[in-house]
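Structure first, commentary second.
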Amino acid sequence: MAEQLGSLARTHTCGALRVADVGARTVLLGWVQKIRDLGSIIFLDIRDRHGVTQVIVQDDADLLERAKRLRSEFVVGIEGLVERRSPETVNAKLPTGDVEVRASSVRLLNEAKTPPFMIGDEQNVSEETRLKYRYLDLRRPQLQKNVMLRHKVTMALRRYFDDQGFLDIETPILTKSTPEGARDFLVPSRVHPGEFYALPQSPQLFKQILMIAGMDRYVQIARCFRDEALRADRQLEFTQIDLEISFATPELVYEIVEGALAAAFEQIGVTIARPFRRMQYAEAISVYGSDKPDLRFGLKIQDVGHLFAESPFGIFREAVAHGGTVRGFVIPGAAAASRRELDEIVEMAKQAGASGLIYMRRTAEGVQSSAKAIGEPATIAVLEAMGAGAADLVVLASGAPDAASKVLGQLRLAVAKKRGLIPDGAWELLWVTDFPLFEWNADEQRWDSLHHPFTSPREEDLAKLAADPGSVRARAYDVVLNGWELGGGSIRIHDRETQATVFRLLGLSDEQAKLRFGFFLEALEYGTPPHGGLALGLDRIVAMLAGESSIREVIPFPKTTQAVDLMSDAPSTVDAAQLRELRLRTEA
RNA sequence: GGGGUCGUAGUUCAGUUGGUUAGAACGCUGCCCUGUCACGGCAGAGGCCGCGGGUUCGAGUCCCGUCGACCCCGCCA
């Protein structure tokens with residue numbers, strides 16, 4: 001049934017033809033998107049990734065007969081003459097809508113089963129169905145647009161880093177397991193039974209070694225693998241724009257990364273404001289309850305603990321007495337909220353981990369607080385201290401300072417979303433700086449790196465390393481866009497002594513450190529330049545630029561939240577023979 | 001590991017208090033149609049109501065379990 005392509009050569013893509021082409025002979029190769037059969041005149045919409053062109057079949061009985069046999073998604077070659085459409089038949093919705101192709105031959109290159117969903121249609125299809133038939137989903141305009149945007153962003157970044165003197169260098173995919181951080185994906189070695197490679201969580205040590213090797217500026221669009229739970233913004237494998245710079249200061253890293261993001265934003269025609277705003281980690285946590293604050297809206301968290309030191313309201317008074325505090329934020333215009341809306345807000349707070357939430361507002365009769373014990377004068381004092389007007393609602397929660405803020409930070413996001421406080425088209429980029437170097441791991445009774453063990457402490461905090469590790473700030477920084485962490489990095493430790501001190505604080509004996517990172521520690525001793533860098537999440541950047549809320553929309557073949565590829569059905573069992581060769585036995 | 005939302009025709013969905021033969025739209029098939037582009041008209045096919053159990057005279061609907069998709073917490077140096 002299907003015919004050969006033969007010598008049929010494409011002259012134009014399906015998005016190319018314009019009035020200037022009228023009179024030209026053309027060959028279009030593509031998919032049948034739509035057939036409008038009017039009897040003795042048939043219109044075909046032919047699609048490729050460049051666009052859609054209308055083909056008209058008329059007069060020729062044999063050709064009409066052939067066209068009638070076509071169905072959606074058949075692959076065809078159309079030969080014909082470009083004609084101008086009469087004014088009343090122009091289709092303003094198509095870039096090619098001023099012209100049409102009068103077919104002189106229709107070649108059926110391949111048939112297609114009826115697809116499970118329509119390609120040219122914007123109708124919603126469940127993600128499950130889309131992922132199973134990803135090759136069809138990828139034909140749809142939205143994903144084609146996203147794939148093309150990703151290409152443009154990638155190319156722009158490669159050009160940018162080349163201009164900035166970076167070398168694009170590949171690092172191994174089969175590498176050494178370093179059990180800190182995320183769970184590794186392991187690859188068994190046939191040659192060394194019982195031993196395993198790990199897939200890189202990031203090329204961290206290799207890029208630092210490239211600095212030791214004198215490469216000066218390194219960049220790689222690197223696939224990274226982490227065997228952790230999946231989310232809208234997290235996949236098992238994802239792509240980082242990984243970079244490292246010798247003789248780097250944070251300022252230099254900021255400048256280079258801001259330039260890179262500007263180049264990426266140019267691809268959607270947006271000029272971003274530079275330099276980016278900066279915010280210390282401590283402020284981000286206390287005021288926004290998050291280390292990746294969304295600055296597109298207010299609802300800033302304020303501390304009013306001092307107003308409750310002697311409050312008759314026991315919960316707040318006790319919190320303050322025991323080193324905690326009372327924090328909250330103002331929801332503008334929410335004073336008129338119904339009982340049901342108020343209950344919803346309290347429920348959202350509980351979902352965020354709050355044990356309770358107090359709200360207060362001004363009323364026609366005076367003021368009202370959901371905790372009557374607080375009393376009218378104190379309620380007025382809080383409303384005034386927080387700058388709440390007559391139309392506003394105040395919500396309050398108590399707890400340890402950071403914990404209260406983190407709960408309120410989640411509530412802040414939920415409230416903003418629910419009440420439509422997030423403006424469209426806003427791009428709020430910032431650097432979050434001065435992260436703590438360590439966080440206390442209560443389960444293991446030791447310090448953990450907040451970033452990673454190769455992060456340099458701030459020089460003025462070096463003296464505190466031994467006595468008070470929790471107060472040591474890192475030379476680490478994250479770049480945040482609209483509440484998404486786009487990337488993070490640090491100035492690295494470049495001397496063996498500091499590195500050894502940090503390992504000890506992390507509870508790694510010299511022996512363990514040598515076993516895991518021996519090659520790296522040895523390399524450090526051969527003239528390591530001061531260096532630092534950062535990694536940007538390419539999937540997140542492209543998703544943001546594309547206006548998508550999940551990175552699955554910018555990854556051609558993503559996995560489900562249960563880590564399954566619905567198209568290929570990976571992961572799967574393997575032959576017993578394969579396992580034998582690897583000397584592996586499974587329990588399941 | 002925990003919490004939540006959702007599984008009904010190829011697709012997206014509706015389905016009342018548990019009650020006759022489970023509907024709509026789009027898609028699909030056939031016929032008609034010379035300017036359509038969300039073509040139009042006529043006719044038609046299409047269902048293990050995710051799966052398994054239970055309650056009941058009777059279950060798409062109620063209960064238990066299970067599988068899957070998505071969102072969130074934990075986790076993600």
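Proteins get letters first, then strands, A, B, ... in listed order; numbering begins at 1 in each. Atoms considered below: every heavy atom in the structure, side chains included; atoms not considered: hydrogens, waters and symmetry mates.
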Could you tell me whether the phosphate oxygens of B/C28, OP1 or OP2, come under 4.0 Å of any side-chain nitrogen or oxygen in A/Ser72?
-> yes
Could you list the protein-to-nucleotides 5-7 of chain B atom pairs, N/O on both sides, closer than 3.5 Å?
none

Could you measure between the two P atoms, the one in B/C31 and the one in B/G18, and give it in whole Å?
-> 48 Å
Can we say A/Arg134 and A/Glu127 salt-bridge, meaning some charged N sits less than 4.0 Å from an Asp/Glu carboxylate O?
-> no
Go through the N and O atoms of the side chain of A/Arg226 and the base of B/C76, and report whether any donor-acceptor pair is under 3.5 Å.
-> no
Given side chains that start at C-beta, do those of A/Ser202 and A/Asp242 come closer than 4.5 Å, heavy atoms only?
-> no
In B/S/- notation (B base, S sugar-phosphate only, - none; protein heavy atoms under 4.0 Å), nucleotides 35-40 of chain B written 5' to 3' is BBBSB-
Return the value, rounded to whole Å, for the distance between atom NZ of A/Lys113 and atom C1' of B/U11.
-> 15 Å
Taking only N and O in the side chain of A/Arg130, is any of them less than 4.0 Å away from OP1 or OP2 of B/A69?
-> no
Taking the inter-plane angle between the rings of A/Phe438 and A/Trp447 on a 0 to 90° scale, is it parallel (under 30°), tilted (30 to 60°) or perpendicular (over 60°)?
-> tilted
Contacts of A/Phe454 that satisfy ring-ring contact (aromatic ring centres under 6.0 Å, His included) - sequence neighbours left out = A/His452, A/Phe517, A/Phe520
What pairs meet the side chain to side chain donor-acceptor pair (under 3.5 Å) rule with one or both residues in residues 397-414 of chain A, with sequence neighbours excluded?
-> A/Arg327-A/Ser405
Which nucleotide in B/G27, B/C70, B/C75 has an atom nearest any side-chain atom of A/Arg183 | B/C75
What integer number of Å spans the C1' atoms of B/U17 and B/G53?
-> 25 Å
Modelled atom types, side-chain donor and acceptor of A/Ser86 and A/Glu88, under 3.5 Å | yes
Any A/Thr561 side-chain N or O less than 4.0 Å from OP1/OP2 of B/C70 = yes
Among B/U29, B/A69, B/U11, which is the nearest nucleotide to the side chain of A/Val564?
-> B/A69
Please give, in whole Å, the distance from B/G68 P to A/Leu230 CG?
-> 14 Å
Tell me whether the OP1 or OP2 atom of B/U11 has a side-chain N or O from A/Arg140 closer than 4.0 Å.
-> no
Taking only residues two or more places apart in sequence or in another chain, which ones pass ring-ring contact (aromatic ring centres under 6.0 Å, His included) with A/Tyr218?
-> none
Can you check the A/Asn124 CG to B/C26 P distance for me, whole Å?
-> 17 Å
Partners meeting side chain to side chain donor-acceptor pair (under 3.5 Å) with A/Glu347 (sequence neighbours left out) = none
Of the candidates B/C70, B/C73, B/C71, the side chain of A/Thr560 sits closest to B/C70
